[in-house]
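Here is the structure we will look at.
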Amino acid sequence: MTLGGLDLFISASDSRVAAPPLSPYNGIDHFGLAVQGLDAAVAELKAKGVKFTMEPKQARPGVRICFIEGPQNIAIELLERTPA
């Protein structure tokens, strides 16, 4: 997939891909996606059975975040910025 001009490869269940390392480890801890309408996105994902590892919370003024569990237990952050 291409996001903002960056090509990303995400493998959900390919036996040719090595298992992820156990935490803690050096490397990418998680990646984040900016969304508009975090509450609506959360409701839609929950309706589809997505596992949340952190429910939406206010990280700082104007920034709300939550985390979901992606393929191979990769943490995916959803982030909504609003004018503070």
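If you read the sequence from its start, that first residue is 1, and numbering goes on from there.
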For E77, which residues count as a salt bridge (Lys or Arg N to Asp or Glu O under 4.0 Å) partner, sequence neighbours excluded?
->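 With sequence neighbours excluded, E77 shows a salt bridge (Lys or Arg N to Asp or Glu O under 4.0 Å) to no residue whatsoever.
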As an exercise, state the distance from [atom1] of [X] to [atom2] of [Y], rounded to the nearest 0.5 Å.
| X | Y | atom1 | atom2 | answer |
| --- | --- | --- | --- | --- |
| L78 | I65 | CG | CD1 | 10.0 Å |
| C66 | L45 | SG | CG | 8.0 Å |
| E55 | I68 | CD | CD1 | 11.5 Å |

Determine whether V42 and V63 fall in the same hydrophobic cluster, where Ile, Leu, Val, Met, Phe, Trp and Tyr are linked whenever their side-chain heavy atoms lie under 4.5 Å apart.
-> no
Say whether L79 and I76 are linked into one hydrophobic cluster, either directly or through other cluster members, by side-chain heavy-atom distances under 4.5 angstrom.
-> no
If only atom types and distance count, is the side chain of E80 paired as donor or acceptor with the main-chain N or O of G37 below 3.5 Å?
-> yes
Listing, residues 47-54 side-chain donor-acceptor contacts under 3.5 Å, not counting sequence neighbours, or none:
| from | atom 1 | to | atom 2 | distance (Å) |
| --- | --- | --- | --- | --- |
| K48 | NZ | E44 | OE2 | 3.2 |
| K51 | NZ | E69 | OE1 | 3.3 |

